[in-house]
Amino acid sequence: MAYLDVSDVTLTFKGIAALMGVSFTVEQGTIASLIGPNGAGKTSMLNCISGRYIPDGGAKGPCSITLDDECLLSLPAHKRTELGLSRTFQNIALFKGLSVLDNLMVGRHSQINYGLFSSIFYWGKTVRTEDKHRRRVEDVIDFLNLSPYRHHHAGRLPYGVQKRVELGRALAAEPKLILLDEPMAGMNLEETEDMARYILDIAEEWGVTVLLVEHDMGVVMDISDKVVVLDFGSKLAEGTPDEVQADPSVIAAYLGTEEETFTRR
Ligand SMILES: Nc1ncnc2c1ncn2[C@@H]1O[C@H](COP(=O)(O)OP(=O)(O)OP(=O)(O)O)[C@@H](O)[C@H]1O
């Protein structure tokens with residue numbers, strides 16, 4: 001079975017379908033992208049996987065979303081985080097009054113498993129665990145080149161750096177699967193290229209599986225192992241970037257007929 005297996009997911013809001021029987025798979029350690037026009041259902045799909053939305057049928061029917069063979073639907077969002085699922089949001093969701101370092105430490109929250117009792121009676125263990133959290137956060141700071149900003153208030157940083165901090169917070173949680181909702185939105189060319197490099201390294205060096213929602217087709221076609229195309233809540237195509245770019249239904253329905261739509265960087 002695939003690492004992430006989405007099978008026949010339907011989601012309706014007051015009778016209006018955001019997703020209609022969508023199925024796709026993502027293999028471990030790869031980068032998959034969800035693309036489609038505005039309102040196609042991309043963020044809704046990420047929300048179903050992360051636990052923000054519950055697909056129609058809930059947790060009782062046949063399981064429609066599994067991660068590493070584990071059914072996600074029966075788990076609340078925070079349990080999915082403990083299982084190794086982490087995400088970023090379309091609109092930056094940082095604690096703006098906290099430093100970069102503290103925002104990343106918040107990302108460690110799911111890994112903190114000691115309470116007041118053990119802090120008092122197993123002090124040594126607590127200190128060792130704290131060290132482990134610090135080390136992970138420092139690794140993330142180094143990886144994303146956030147050192148110059150570590151003590152800056154997140155809310156005062158340039159937009160592109162804030163997007164990087166948000167990625168860092170998701171990475172701090174030691175995810176196995178990371179969901180990225182438009183990580184390049186609003187970025188200039190240089191920031192976009194840097195972010196694309198980070199995403200490639202997250203998969204290749206850190207071994208994290210990536211599911212990306214992104215409107216920048218150049219980036220999507222360049223870095224994805226697989227592309228899934230949604231249109232009006234239904235899956236239109238699934239395949240390698242080359243297969244999807246050659247699919248007439250995709251060209252007609254979403255990408256238009258202009259050749260430069262698929263120009264690689
Ligand atoms: N909480 C909600 N309540 C009602 N309708 C919703 C809700 N969330 C999403 N929808 C509807 O579901 C459909 C899919 O929306 P979604 O945000 O998933 O699309 P998208 O592909 O991510 O779009 P975009 O590229 O603009 O972010 C839209 O018609 C949207 O209005």
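Predicted model, so just to flag it, every value in this text is computed and none were measured. When a ligand or atom number is given, it counts from 1 through the structure's own listing order.
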Visitor: Please compare L19, L230, L11, N38 and report which has the shortest non-hydrogen distance to atom 24 (P) of ligand 1.
Guide: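 Among L19, L230, L11, N38, the closest heavy atom to atom 24 (P) of ligand 1 comes from N38.
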Visitor: Is the number of heavy atoms from other residues, nucleotides or ligands within 6.0 Å of CZ (F95) greater than 12?
Guide: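 Open: at most 12 neighbouring heavy atoms sit under 6.0 Å from CZ of F95.
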Visitor: Give a yes-or-no answer on whether the side chains of Y198 and N145 include a donor-acceptor pair shorter than 3.5 Å.
Guide: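 Result is yes, a qualifying pair exists.
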Visitor: Quick one: nearest non-hydrogen protein atom to atom 17 (O) of ligand 1, plus distance?
Guide: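 For atom 17 (O) of ligand 1, the nearest protein heavy atom comes out as T43 CB, 3.9 Å.
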Visitor: With atom 15 (O) of ligand 1 as the reference point, say which of A40, S44, G36 has the nearest heavy atom.
Guide: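 Ranked by closest heavy atom to atom 15 (O) of ligand 1, first place is S44.
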Visitor: When you compare the side chains of T10 and D56, does any donor N or O come within less than 3.5 Å of an acceptor on the partner?
Guide: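 Short answer, no.
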Visitor: Report yes or no: does a heavy atom of Q90 sit under 4.0 Å from some atom of ligand 1?
Guide: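 In this structure, Q90 qualifies as a contact of ligand 1 - some heavy atom is under 4.0 Å.
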Visitor: Taking K163 first and then E166, would you say they form a salt bridge - that is, a charged N and a carboxylate O separated by under 4.0 Å?
Guide: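 Salt bridge flag = no for E166 with K163.
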Visitor: Could you find the nearest protein heavy atom to atom 12 (O) of ligand 1 and give me its residue, atom name and distance?
Guide: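 For atom 12 (O) of ligand 1, the nearest protein heavy atom comes out as A18 CB, 3.2 Å.
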Visitor: Just to be sure I read this right, does ligand 1 sit under 4.0 Å from the backbone of H215, its side chain, both, or neither, counting only heavy atoms?
Guide: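 Just the side chain.
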Visitor: Could you tell me whether atom 7 (C) of ligand 1 has at least one protein heavy atom nearer than 4.0 Å?
Guide: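 At least one protein heavy atom is under 4.0 Å away.
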Visitor: With heavy-atom distances below 4.5 Å as the criterion, would you say the side chains of D194 and T192 are in contact?
Guide: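 In short, these two side chains do not touch, never coming nearer than 4.5 Å.
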Visitor: Between R108 and E174, does any side-chain N to carboxylate O distance fall below 4.0 Å?
Guide: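 Here R108 pairs with E174 in a salt bridge, since their nearest N and O are under 4.0 Å apart.
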Visitor: Does D139 form a salt bridge (Lys or Arg N to Asp or Glu O under 4.0 Å) with R135? I'd like the steps, not just the answer.
Guide: CA-CA 6 Å; D139 286 348; R135 273 201 305 279; over 6 Å; no
Visitor: Are R150 and E138 within salt-bridge range, i.e. N to O under 4.0 Å?
Guide: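 Judged by the 4.0 Å cut-off on N to carboxylate O distance, R150 and E138 do form a salt bridge.
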Visitor: Counting non-hydrogen protein atoms only, what is the nearest one to atom 25 (O) of ligand 1? Give residue, atom name and distance.
Guide: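 I find the closest protein heavy atom is K42 NZ, 2.8 Å.
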Visitor: So which protein heavy atom does atom 19 (O) of ligand 1 come closest to, and at what separation?
Guide: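 It is G41 N, 3.2 Å.
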Visitor: My understanding is that we take every heavy atom of each candidate and find the minimum distance to atom 14 (C) of ligand 1. Doing that for G39, C48, P37, which one comes out nearest?
Guide: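 Looking at heavy atoms only, the winner is G39.
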Visitor: Nearest protein heavy-atom contact for atom 1 (N) of ligand 1: which residue, which atom, what distance?
Guide: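 Looking at atom 1 (N) of ligand 1, the protein heavy atom closest to it is Y53 OH, 3.1 Å.
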Visitor: Students should be able to answer this: which protein heavy-atom is nearest to atom 2 (C) of ligand 1, and at what distance?
Guide: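 Protein heavy atom with the smallest distance to atom 2 (C) of ligand 1: F13 CE2, 3.4 Å.
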